Amino acid sequence: MANVTETAVNNRVVEVYDLFVKHMKEFLAEANLNHEEYTNFVNWADRLGRSGEIPLYLDVFVETYVLQAKYKDLPGTEPSLLGPYWTEGSPLVEGKPAKINMREDEPGEKLRFKGNVSDVNGKKLANAKVEWWQDDASGYYSNFDSDAPDFNLRSHFYTDENGDFEVESILPIPYSIPTDGPTGEFTRAAGYHSFRPAHIHMKFEHEGYETLITQVFFEGDEWLETDVARGVRQSLMTKLVDKGDYKEAELDFVLRFDN
């Protein structure tokens, strides 16, 4: 008889699974699913996994509720979706303003963005790492669905001694999430449109503080109220100011202590 290797029980896994089963039973009782509907779901979930779209689906339709459940009533800047287009290894850019990595002839309207990073007690955070990524003027992300070079419109930089930063980039545009796979099937079946408003992804890191992953949105965007990913937060809105040959926007960010 083969030896059975004992595995330490992960109590958190058991706790979360038991809660999942408890609430799933309540959901099934309320939804009154028949077996055909359940089988259709299993087949769709199988296609979702085989297509590689699980991160896309969860980012668009689930992540926002996870964030709201944890952070809704806490001090500090509200987080928003990491999104499926995050990737590590962006280049460092320096200077003030720091120019986000892009092609020399990058299409799009020029954007200058200013901000400050502090903590919940008002202390300005010098040398905070800020990660920036966004879509291009065609609505695509480098390293994924764009024909641009890798790390186009992706960079990281650091705040100055006063917690300030300033960057130059292009204005992002609204875009549609992919709709040719199982995520698109769900979107159409639910009667949703597939568009996200224009936004900038930002990630903030500083020793002693909780990492903040969030997005910045712009007043007047037609998709703000119906964002398919429900990632818009009123506190993450900023106004675009026309400066002639570029648009300017600004927003400050507040980090929470890492408990």
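Bear in mind that the values here come from a model prediction, so they are computed numbers and not experimental data.
A distance of 5.0 Å separates OH of Y141 from CG of D135, quoted to the nearest 0.5 Å. To the nearest 0.5 angstrom, F253 atom CZ is 6.5 Å from T77 atom OG1. To the nearest 0.5 angstrom, R196 atom CZ is 10.0 Å from D221 atom CG. Here the straight-line distance linking atom CG of L74 with atom CD of E210 works out to 8.0 Å at 0.5 Å rounding. Rounded to the nearest 0.5 angstrom, K124 NZ and S118 OG are separated by 5.0 Å. The distance from the OG1 atom of T214 to the NE2 atom of H201 is 10.0 Å, given to the nearest 0.5 Å.
Among the candidates F218, W133, Y175, the single residue satisfying the ring-ring contact (aromatic ring centres under 6.0 Å, His included) test with H199 is Y175. Paired with T159 under the rule side chain to side chain contact (heavy atoms under 4.5 Å, CB included), one option of N116, V130, D164 passes, and it is V130. Between E168 and the choices K247, K99, K114, R112, the salt bridge (Lys or Arg N to Asp or Glu O under 4.0 Å) rule is met once, by R112.
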side-chain hydrogen bond (donor to acceptor under 3.5 Å, both in side chains) assessment of R154 paired with T87: CA-CA 9 Å; R154 299 176 183 272; T87 189; 5.7 Å; no
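Residues V167 and Y158 are members of separate hydrophobic clusters, defined by side-chain heavy-atom contacts under 4.5 angstrom among Ile, Leu, Val, Met, Phe, Trp and Tyr. V62 and Y17 end up in different hydrophobic clusters when Ile, Leu, Val, Met, Phe, Trp and Tyr side chains are linked at under 4.5 Å. L240 and Y246 are not part of a single hydrophobic cluster, where members link through side-chain heavy atoms under 4.5 Å apart. In the hydrophobic clustering of ILVMFWY residues, with side-chain heavy atoms under 4.5 Å counting as a link, L111 and V216 come out together. By the criterion of side-chain heavy atoms lying less than 4.5 angstrom apart, applied directly or through intervening Ile, Leu, Val, Met, Phe, Trp or Tyr residues, L58 is grouped together with V60 in one hydrophobic cluster.
Looking at heavy atoms from C-beta onward, E185 lies in side-chain contact with R47 at the 4.5 angstrom threshold. Proximity of P84 to E63: side-chain heavy atoms (C-beta onward) are nowhere separated by under 4.5 Å. Under the 4.5 Å side-chain criterion, counting only non-hydrogen atoms from C-beta, W44 is not in contact with N40. Taking the side chain as every heavy atom from C-beta outward, D59 and Y85 never approach each other to under 4.5 Å. Within the 4.5 Å cutoff, no side-chain heavy atoms of P174 are placed close to those of E222.
Using bins of under 30°, 30° to 60° and over 60° for the plane-to-plane angle, the ring pair W223/F195 lands in the parallel bin. Using a 30° and 60° split on the angle between ring planes, W132 and F157 fall in the tilted class, from 30° to 60°. Between F165 and F204, the two ring planes are tilted [angle within 30° to 60°]. Ring geometry for F41 against Y38 counts as tilted: the plane angle lies between 30° and 60°, on a 0 to 90° scale. Between F186 and F61, the ring planes are perpendicular. Angles over 60° get that label, and only those under 30° would be called parallel.
Other residues, nucleotides and ligands contribute more than 12 heavy atoms inside 6.0 Å of the NZ atom of K96. Counting non-hydrogen atoms of other residues, nucleotides and ligands closer than 6.0 Å to CZ of R50 gives a total of 12 or fewer. Taking a 6.0 Å sphere around NE2 of H35, one finds it holds 12 or fewer heavy atoms contributed by other residues, nucleotides or ligands. Under a cut-off of 6.0 angstrom, the local environment of CD in E36 is sparse, with at most 12 non-hydrogen atoms contributed by other residues, nucleotides or ligands. Within a 6.0 Å radius of CD in E15, other residues, nucleotides and ligands contribute more than 12 heavy atoms. By the neighbour-count criterion of 12 heavy atoms within 6.0 Å, atom CD of Q234 is sparsely surrounded, having that number or fewer from other residues, nucleotides or ligands.
Using modelled atom types and a 3.5 Å distance limit, the side chains of S146 and D136 yield a donor-acceptor pair.
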